[in-house]
Amino acid sequence: MSTTISRRRLLAGMAILSASALMPWATRTWADAPDQLSQQEISDFLELSERLTGKPQLQARIAGRAYQGLLNLEPQFPARMRQLIEAMDRAGLDDMSRFRDFAADQPRELVDTAISIIRAWYLGFTGTVQGHSATDNTHFVTYTGALMYRPTLDATVIPTYSRGRTNYWRNPPVTLAGD
């Protein structure tokens, strides 16, 4: 038996070793709701999110990630969420067109909680991006599921990479030329 290792075997072994080293990172990054969160917490958060965004049928998987991101930012988030639900129920707030009037009568913490939930769904992350900083408090929630893309989904694609040549966006689409 030869003790020399071929170049192909060495490269294959290094590739397997690299992939196995990245697996714990990948599973942590793309995990759904953590195990320590109860289904009731996620369900309550999802129901509140649907009320705040006015969007029925939001995804529970995304709700779990958003809830965890908000919990990471503020350990008191579950209590504030409960207070917000109770305040909205007392005020009979079921239509977000009345949110501004509702918010004027509420403590700033509850309004901030509502805004942080709405931001997580629309932007697809929680926290505040710190520009070119290597560290910040952002937590990825979703990219393609972010609500900010829904209003123009019939006319534009969710941006991931350029689908045309350089400056393809300068000329309006042919379908708009006749409008």
Side-chain angles (χ1 to χ4, degrees), residues 22-161:
L22 290 176
M23 286 309 288
W25 172 81
T27 56
R28 263 195 328 269
T29 300
W30 300 108
D32 291 333
D35 294 334
Q36 66 265 25
L37 297 180
S38 73
Q39 286 304 112
Q40 187 62 48
E41 286 175 290
I42 302 301
S43 178
D44 292 347
F45 177 74
L46 183 59
E47 184 178 320
L48 176 60
S49 295
E50 289 175 347
R51 285 176 71 181
L52 289 171
T53 62
K55 307 287 184 198
Q57 301 174 340
L58 295 175
Q59 294 180 24
R61 286 182 352 186
I62 295 173
R65 292 192 297 257
Y67 186 88
Q68 183 61 59
L70 292 166
L71 186 60
N72 290 348
L73 288 173
E74 183 182 354
Q76 275 67 31
F77 180 76
R80 292 239 171 95
M81 183 181 84
R82 290 271 162 240
Q83 292 170 343
L84 179 60
I85 291 169
E86 291 169 5
M88 289 174 68
D89 288 345
R90 278 193 307 273
L93 183 66
D94 53 0
D95 180 6
M96 290 309 291
S97 66
R98 295 187 357 222
F99 182 77
R100 182 174 286 186
D101 296 332
F102 166 80
D105 298 331
Q106 300 304 316
R108 187 71 206 161
E109 297 83 28
L110 289 187
V111 175
D112 289 345
T113 300
I115 291 171
S116 67
I117 293 169
I118 295 167
R119 286 185 69 209
W121 283 100
Y122 272 87
L123 299 179
F125 64 88
T126 60
T128 305
V129 177
Q130 296 296 323
H132 297 289
S133 174
T135 59
D136 57 24
N137 66 353
T138 58
H139 176 86
F140 175 77
V141 175
T142 182
Y143 183 71
T144 58
L147 296 180
M148 69 176 158
Y149 299 119
R150 284 192 183 177
T152 60
L153 204 51
D154 62 334
T156 60
V157 295
I158 296 172
T160 54
Y161 58 89

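The model shown is predicted, which means the values in this text are computed figures rather than measured ones.
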For a quick test of reading the model, state the closest non-hydrogen atom pair linking [X] to [Y] and the distance between them.
X	Y	answer
T113	S116	O-OG, 2.8 Å
L70	I117	CD1-CG1, 3.9 Å
A63	L46	CB-CD1, 3.8 Å
L58	E50	N-OE2, 3.1 Å
A66	T126	O-CG2, 4.0 Å
G145	T142	N-OG1, 3.1 Å

Check side-chain hydrogen bond (donor to acceptor under 3.5 Å, both in side chains) between [X] and all other residues, then give those that pass, not counting sequence neighbours.
X	answer
R82	D44
S49	W121
D154	none

By side chain to side chain contact (heavy atoms under 4.5 Å, CB included), which residues pair with [X], not counting sequence neighbours?
X	value
E47	none
Q57	none
R100	none
F102	L84, A87, M88, A91, L93, F99, Q106

Which residues pass the salt bridge (charged side-chain N to carboxylate O under 4.0 Å, His left out) test with [X], not counting sequence neighbours?
X	value
R51	D89
R108	D112
R150	none
D136	none

Rounded distance (nearest 0.5 Å) linking atom [atom1] of [X] with atom [atom2] of [Y]:
X	Y	atom1	atom2	answer
L52	I85	CG	CD1	9.0 Å
L73	T138	CG	OG1	9.0 Å
E86	M81	CD	CE	10.5 Å

### Query
How would you list, by chain and number, every residue that makes a ring pair (Phe, Tyr, Trp, His ring centres under 6.0 Å) with Y122, sequence neighbours excluded?
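Expected list: none.
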
### Query
Has the side chain of T152 got a donor or acceptor atom that lies under 3.5 Å from a matching backbone atom of A155?
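Such a contact is absent between T152 side chain and A155 backbone.
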
### Query
Taking the side chain as C-beta and beyond, is there a heavy-atom pair between P78 and F45 under 4.5 Å?
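No, too far: nothing below the 4.5 Å cut-off.
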
